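As the structure is a computational prediction, the values presented were derived from the model and not from experiment.
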There are 2 protein chains.
Amino acid sequence: MTPDNNPEERSAPLYKTAYSKRRKRPDIIADHVRDRIVTAGLTVGERIPSEWVSPEELHVSRGTIREALKILEFQGLITSKTGPGGGLFVSTIEQDDAIRLLDNLFLSNPPSIPDIYALRKVLEPELAAGLAGSLSKDQISELQSCIHLYEDEPTSADEEYRQRLAELDFHTCLARSSPNQLLGFVCNFLLSLLRDKTECRAIYSEPTPWAMRDTGLNYQVRLLRALKAGEVQIARTLMRDHMIEAESFMIKRAVMLRR
Amino acid sequence: MTPDNNPEERSAPLYKTAYSKRRKRPDIIADHVRDRIVTAGLTVGERIPSEWVSPEELHVSRGTIREALKILEFQGLITSKTGPGGGLFVSTIEQDDAIRLLDNLFLSNPPSIPDIYALRKVLEPELAAGLAGSLSKDQISELQSCIHLYEDEPTSADEEYRQRLAELDFHTCLARSSPNQLLGFVCNFLLSLLRDKTECRAIYSEPTPWAMRDTGLNYQVRLLRALKAGEVQIARTLMRDHMIEAESFMIKRAVMLRR
DNA sequence: AGATATTTGTTCGTATGTATT
DNA sequence: TAATACATACGAACAAATATC
């Protein structure tokens with residue numbers, strides 16, 4: 001597997017076999033390097049030995065290696081530093097970066113509002129349940145400041161829109177606070193989908209005529225209270241009801257806008 | 001700063017301003033090209049004009065451009081074809097590519113089994129519910145062939161392991177068939193996490209001593225029956241019970257292995 | 001502070017592979 | 001089969017960044 005520096009046996013380098021499968025050298029090298037990183041158990045911040053990416057060892061040119069490294073860098077797996085003591089380092093990916101990538105995936109055929117809410121209806125309640133009683137003081141005050149942003153009656157269409165987004169931010173806050181990172185990530189992703197959907201943007205920028213706004217606010221105040229009190233079951237059902245209501249609201253507005 | 005063979009008209013190429021923000025040329029070029037693609041409204045399969053990526057227009061070398069294109073290719077936004085009539089084409093991202101990306105995100109701190117199952121317990125039942133009564137003949141036979149793979153008693157540890165993976169494949173099949181693409185995607189992602197977790201690999205390769213295997217098989221047969229019959233509620237509860245049982249099984253085995 | 005060494009970043013000319021005609 | 005058009009790969013040289021002496 002490991003190519004040797006002996007120039008005689010030129011070695012059917014690692015890409016040779018796989019190349020027939022139409023995978024290109026940089027991709028194969030990227031996989032190879034990633035593999036070495038994880039099997040060696042390198043963790044964030046550690047330096048990647050330069051031999052691992054040297055043209056001699058890999059039997060490819062520097063340019064090709066650079067393409068491979070570009071992939072890994074784009075993935076957020078590595079970063080590079082110039083200068084002495086510099087080199088390639090294992091890095092960590094930000095959730096936001098990953099979500100942007102996912103947004104890209106659903107750009108061509110965005111999921112419908114019912115599709116998104118099918119997930120939100122079951123996940124957000126779990127999120128709330130997991131948070132009940134385990135919120136720190138900081139997290140609580142952060143959530144409270146989110147609510148303050150849309151406590152007042154909006155005076156303009158623009159403010160209305162901003163308030164709507166702040167409501168989503170409330171949920172983003174919740175997701176960030178979750179002890180279950182995976183759950184938080186998926187919830188965040190769903191929120192990002194909602195934010196990006198042009199259909200939703202249109203809905204959000206519309207004024208909210210009914211008493212919808214108040215009931216929405218009401219939910220969140222009651223939810224926060226339940227979370228503080230550690231009432232797991234109450235938090236769960238509260239959130240579920242909120243999601244059900246939010247979905248029907250969105251759908252209703254969507255059909256109104258379509259005319 | 002900019003190497004430019006024509007010192008007269010330095011031409012403030014597009015990367016110039018952003019370069020101060022430490023973003024590297026390939027990244028900027030990738031963004032630039034992506035932007036041109038979406039603003040021009042190019043759709044899948046269409047050819048990208050070669051001027052858009054020519055060294056002359058972009059004022060960078062081919063190598064740098066290739067790094068940029070590598071990013072876009074990895075993102076799944078473009079593919080390249082060699083030969084006459086070849087070139088760069090707009091492509092679509094495969095779910096699998098996106099999932100690989102996500103796997104990467106959780107590589108450094110993988111979610112625990114309870115974390116994963118917190119999601120599976122609520123999502124898989126929804127998946128099953130959405131599938132009830134709407135499966136095509138092809139999809140049903142595909143699911144059935146999945147079950148056949150682990151109908152027989154495993155004769156070796158290796159076969160045991162393969163059967164275990166086939167069980168996951170059953171769920172992957174379900175996820176692929178979902179009319180809700182988003183739901184299918186997330187379920188698939190969770191399955192991929194399970195497959196990759198070293199802890200889970202160890203569990204799967206262990207023999208299954210109790211009657212666990214039978215009950216697992218039993219679930220899936222009953223589930224398939226409910227799906228064919230269009231029994232939404234039954235499918236949902238069946239899957240939920242299955243998930244609960246699977247989780248407790250995994251957790252039990254995990255603590256056994258830790259000793 | 002300045003020279004130097006080390007490491008990544010970029011360029012450019014050239015060569016090779018591959019699919020179409 | 002040969003010519004053609006395109007992507008892919010190579011490698012030597014140069015530029016920029018930065019830690020160390």
Side-chain angles (χ1 to χ4, degrees), chain A residues 3 7 10-30 32-33 46-74 77-91, chain B residues 1-7 10-11 13-16 18-30 32-33 46-74 78-91:
Chain A
R10 304 250 321 162
S11 73
L14 60 126
Y15 56 81
K16 214 37 186 302
T17 53
Y19 191 62
S20 57
K21 292 192 209 164
R22 308 287 194 94
R23 299 200 60 205
K24 294 167 211 164
R25 270 168 255 213
D27 301 68
I28 294 158
I29 291 170
H32 174 74
V33 172
E46 289 191 89
R47 199 198 137 105
I48 296 164
S50 52
E51 308 92 71
W52 292 9
V53 292
S54 79
E56 296 80 34
E57 284 233 2
L58 297 171
H59 297 97
V60 290
S61 79
R62 191 125 173 275
T64 304
I65 291 173
R66 280 194 60 75
E67 287 184 52
L69 296 179
K70 207 74 214 162
I71 293 174
L72 296 178
E73 191 189 335
F74 174 75
L77 208 74
I78 65 173
T79 53
S80 55
K81 277 216 288 270
T82 63
L88 266 35
F89 297 85
V90 178
S91 168
Chain B
M1 187 174 230
T2 311
D4 194 329
N5 10 13
N6 191 342
R10 313 246 320 163
S11 73
L14 60 125
Y15 54 80
K16 206 49 185 298
Y19 191 62
S20 58
K21 292 191 210 163
R22 305 288 194 96
R23 299 198 61 204
K24 294 166 212 166
R25 273 172 253 217
D27 302 68
I28 294 156
I29 291 170
H32 174 74
V33 173
E46 289 192 89
R47 199 198 138 103
I48 294 164
S50 53
E51 309 91 72
W52 291 9
V53 292
S54 78
E56 296 79 33
E57 280 229 4
L58 297 171
H59 298 98
V60 291
S61 78
R62 273 191 302 288
T64 305
I65 290 173
R66 281 190 62 76
E67 286 182 50
L69 296 179
K70 208 73 214 160
I71 294 175
L72 296 178
E73 190 189 338
F74 180 79
I78 66 172
T79 52
S80 56
K81 278 215 284 273
T82 61
L88 265 35
F89 298 85
V90 178
S91 165

Using 0.5 Å steps for rounding, measure from the CZ atom of A/R62 to the OG atom of A/S54. 11.0 Å

Rounding to an integer number of Å, can you tell me how far B/L69 CG sits from C/dT10 P? 14 Å

Euclidean distance, B/R66 CZ relative to B/I71 CD1, rounded to 0.5 Å: 13.0 Å

Roughly how many Å is it from CD1 in B/I65 to P in D/dC6, rounded to a whole number? 16 Å

Could you pull out all residues at least two apart from A/E51 that satisfy side chain to side chain contact (heavy atoms under 4.5 Å, CB included)? A/P49, A/E57

Taken in chain and number order and not counting sequence neighbours, the residues that satisfy side-chain hydrogen bond (donor to acceptor under 3.5 Å, both in side chains) with B/S91 are none

Using atom names, set out every protein N or O paired with an N or O of nucleotides 19-21 of chain D below 3.5 Å, distance rounded to 0.1 Å.
unit_1 : atom_1 : unit_2 : atom_2 : d
D/dA19 : O4'    : A/P84  : O      : 3.4

Does B/T64 have a side-chain nitrogen or oxygen under 4.0 Å from the phosphate oxygens OP1 or OP2 of C/dG9? no

Pairing stems for DNA chain C [at least three consecutive pairs; Watson-Crick or G-U; under 3.5 angstrom]: C:2-21 with D:2-21

I need the CD-P distance between A/E56 and D/dA12, as an integer number of Å. 10 Å

Return the nearest nucleotide to the side chain of B/S61; candidates are D/dA9, C/dT11, C/dG9. C/dT11

Who are the side-chain hydrogen bond (donor to acceptor under 3.5 Å, both in side chains) partners of A/S61, not counting sequence neighbours? A/T64

Can you see which heavy atom on B/L69 is nearest to which on B/V53, and at what distance? CD2-CG1, 3.8 Å

Using a cut-off of strictly less than 4.0 Å, decide whether B/R66 has a side-chain nitrogen or oxygen near OP1 or OP2 of D/dA7. no

Do the charged groups of B/K24 and A/E73 touch, with an N to O distance under 4.0 Å? yes

5' precedence on DNA chain C between A/G63 and A/L88 (nearest-nucleotide basis): A/L88

Taking CD1 from A/I78 and C1' from C/dT8, how many angstroms apart are they, rounded to a whole number? 11 Å

With respect to B/V33, which candidate in B/I65, B/L72, B/L88 satisfies the side chain to side chain contact (heavy atoms under 4.5 Å, CB included) definition? B/L72

Just to be sure I understand the rule, does A/P26 reach a base, reach only the sugar-phosphate, or reach nothing, if contact means heavy atoms closer than 4.0 Å? sugar-phosphate

Counting only side-chain nitrogens and oxygens, does A/R62 get under 4.0 Å of the OP1 or OP2 atom of D/dG11? no

Spacing between B/E67 atom CD and C/dT8 atom C1', to the nearest angstrom: 11 Å

Report the distance from atom CG of B/L58 to atom P of C/dT11, rounded to the nearest whole Å. 10 Å

Which whole-number value in Å describes the distance from B/R25 CZ to D/dA17 C1'? 13 Å

Tell me, please, which residues at least two apart from A/R47 pass side chain to side chain contact (heavy atoms under 4.5 Å, CB included). A/S50, A/F89

Specify the separation, in whole Å, of atom CG of B/L72 and atom P of D/dA7. 14 Å

